[in-house]
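Read through the structure below, which is laid out as C-alpha cells, and then see the notes.
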Amino acid sequence: MNNNEKDAMKVSIVSIISNIFLTIVKFVAGFISHSQAMVSDAIHSLSDVLSTIVVIIGVKLSNKKADKEHPYGHERLECVASIILAVMLMLTGVGIGVTGVNNIIKGKYVILISGTLALIIAVTSILVKEAMYWYTRHTAKKINSGALLADAWHHRSDALSSVGSFIGILGAKLGFPVLDSIASIIICLFIIKVAYDIFKDAIDKMIDKSCDEETIKKIEDIIYESKDVVKIDDLKTRKFGNRYYIDVEISVDKNMSVLNAHSIAHNIHDNIEDRLPSTKHCMVHVNPGERN
C-alpha cells in the first residue's frame with residue numbers, strides 16, 4: 001500500500017466512524033422529537049457511510065499497477081467510484097425531497113415533542129461534518145483523489161442539510177410545523193446539486209477532457225524555459241482519472257544535431273513530470289524549425 005492509499009484509508013476510517021455516530025444520534029433524536037427533517041438528515045449520514053466504503057474500494061482498485069490487460073493502469077476506476085457516489089447522492093436527495101413534498105400536499109405535519117434535543121444534534125452535526133469536509137478535502141488535494149474529493153463534498157452536503165434541519169426544527173418548535181417538511185425539500189436540493197457536480201467532474205475525467213488553463217499555461221512555461229525551443233507546434237493534454245497525459249511537439253533549430261535535440265526533449269520531459277506530479281505520461285516530439 002503506497003502513501004497516498006494509506007492517507008485515503010486513514011481519512012475514510014475516520015469518516016465511517018463519525019458518520020455511524022451521527023447516523024445513530026440523528027435517528028434517535030428524530031424519532032424522539034418526531035422530526036422528519038432530522039430523520040432525513042440521519043438517512044443522509046447513513047448514505048455517507050456507504051459512499052465512503054465506495055471510496056475505499058475505488059481508491060484501492062485505482063492504485064493497482066498496470067498489467068497485461070490494462071497497460072495504462074486503473075486510475076479511471078476512481079472515476080467509476082465517483083459516479084457511483086453521485087448516483088447514491090442523487091437517489092438519497094430525491095427520496096428525501098419526495099417525502100417532504102408528499103407531507104406538505106397531504107398536510108401531514110407532526111408537532112415536535114422534544115425540539116431542543118433535535119436542535120442540539122443538528123448543531124453538533126454541522127460542526128462535525130464541516131470539520132470532516134476540510135479534513136477530507138485537504139487529503140484529497142494532497143493525493144489528488146477525485147473520489148476522496150467527492151466524499152469531502154458529501155460531508156459538506158451533510159453539513160448544509162443539517163443547517164436545513166436546524167432551520168426546519170426551529171420553525172416547527174416555534175409553531176410552524178410545515179417548515180420541518182420544507183427543510184427536507186431544501187436538503188434535497190443541496191444534495192442533488194452536489195451529486196450533479198460530482199457526476200460531471202467524473203465524466204470529464206472519463207472522456208479525456210483537457211487539463212485546465214492554469215495547468216496548460218504551466219506546461220508552456222516549463223517548455224519555454226529551454227532557450228533552444230523555437231516554438232511549441234502542438235500541445236495536447238487529457239485527464240486519465242486523476243492523472244495527466246501530455247503530448248508536446250516543439251521546434252528546434254533544424255541544423256541542431258539529433259543528439260542535442262534529443263537531450264532538449266528529454267530535459268523538457270523530465271521537468272514536466274517533476275514539476276507536475278499528477279503527470280502519468282509525457283511525450284515530447286521534436287520538429288526542425290527556424291528562428292524568425
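In this chain, residues are counted from 1 in sequence order. As a basis for the values below, the full set of heavy atoms in this structure was taken, side chains included, without hydrogen atoms, waters or symmetry mates. Worth saying up front: this structure is predicted, and the values here are computed from it rather than measured.
When the side chains of ILVMFWY residues are joined at heavy-atom separations under 4.5 Å, either directly or via intervening members, M256 and I223 end up in a single hydrophobic cluster.
Here the side chains of D221 and K217 are in contact, with some heavy-atom distance below 4.5 Å. I272 has its side chain out of reach of D274: every pair of non-hydrogen atoms, C-beta onward, lies at least 4.5 Å apart. In this structure, Y244 and K239 have side chains that are in contact, with non-hydrogen atoms separated by less than 4.5 Å. Between I246 and L235, the closest side-chain pair of non-hydrogen atoms falls below 4.5 Å. Residues I198 and K200 fail the side-chain proximity criterion, which asks for heavy atoms closer than 4.5 Å. With a 4.5 Å cut-off on side-chain heavy atoms, Y245 and T237 do not count as touching. Between I268 and V229 there is a side-chain heavy-atom pair separated by less than 4.5 Å. For the pair P277 and T279, the minimum side-chain heavy-atom distance is 4.5 Å or more.
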Check the pair D233, I250 against side-chain contact (heavy atoms from CB on, under 4.5 Å), reporting the backbone distance first and the verdict last.
CA-CA 5 Å; D233 295 323; I250 59 172; 5.7 Å; no

Evaluate the criterion side-chain contact (heavy atoms from CB on, under 4.5 Å) for residue pair V284 and C282; output intermediate values, then yes/no.
CA-CA 7 Å; V284 182; C282 177; 4.0 Å; yes

Do K218 and E213 pass the salt bridge (charged side-chain N to carboxylate O under 4.0 Å, His left out) test, and can you show the C-alpha distance, the side-chain angles, and the key distance before you say yes or no?
CA-CA 9 Å; K218 189 171 183 178; E213 290 296 328; over 6 Å; no

side-chain contact (heavy atoms from CB on, under 4.5 Å) assessment of N19 paired with M132
CA-CA 10 Å; N19 280 319; M132 283 303 304; over 6 Å; no

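In this structure, NZ in K26 is found 10.5 Å from CZ in F21, a value given to the nearest 0.5 Å. For the atom pair I120 CD1 and F166 CZ, the distance stands at 10.5 Å (nearest 0.5 Å). Distance check: L46 CG to I24 CD1 gives 10.0 Å after rounding to the nearest 0.5 Å. Put simply, SG on C211 and CD1 on I219 are 5.5 Å apart, with the number rounded to the nearest 0.5 Å.
Between S210 and K236, the side chains place no donor N or O within less than 3.5 Å of an acceptor N or O (distance only, hydrogens not considered). Side-chain contact annotation: T215 with D212, donor-acceptor N/O pair under 3.5 Å present. Side-chain polar atoms of N267 and H269 form no donor-acceptor pair below 3.5 angstrom.
When the shell of 6.0 Å around OH of Y196 is examined, it contains 12 or fewer heavy atoms from other residues, nucleotides or ligands.
Between E249 and K231, none of the side-chain N atoms (NZ, or NE/NH1/NH2) sits under 4.0 Å from a carboxylate O, so this pair counts as no salt bridge.
Nearest heavy-atom pair, C79 versus A202, reported as atom, atom and distance to 0.1 Å: O-CB, 3.7 Å. Of all non-hydrogen atoms in I232 and Y224, the two that sit nearest each other are N-OH, 3.1 Å.
Under the side-chain hydrogen bond (donor to acceptor under 3.5 Å, both in side chains) test applied with S15, the options K129, K10, H155 reduce to a single match, H155.
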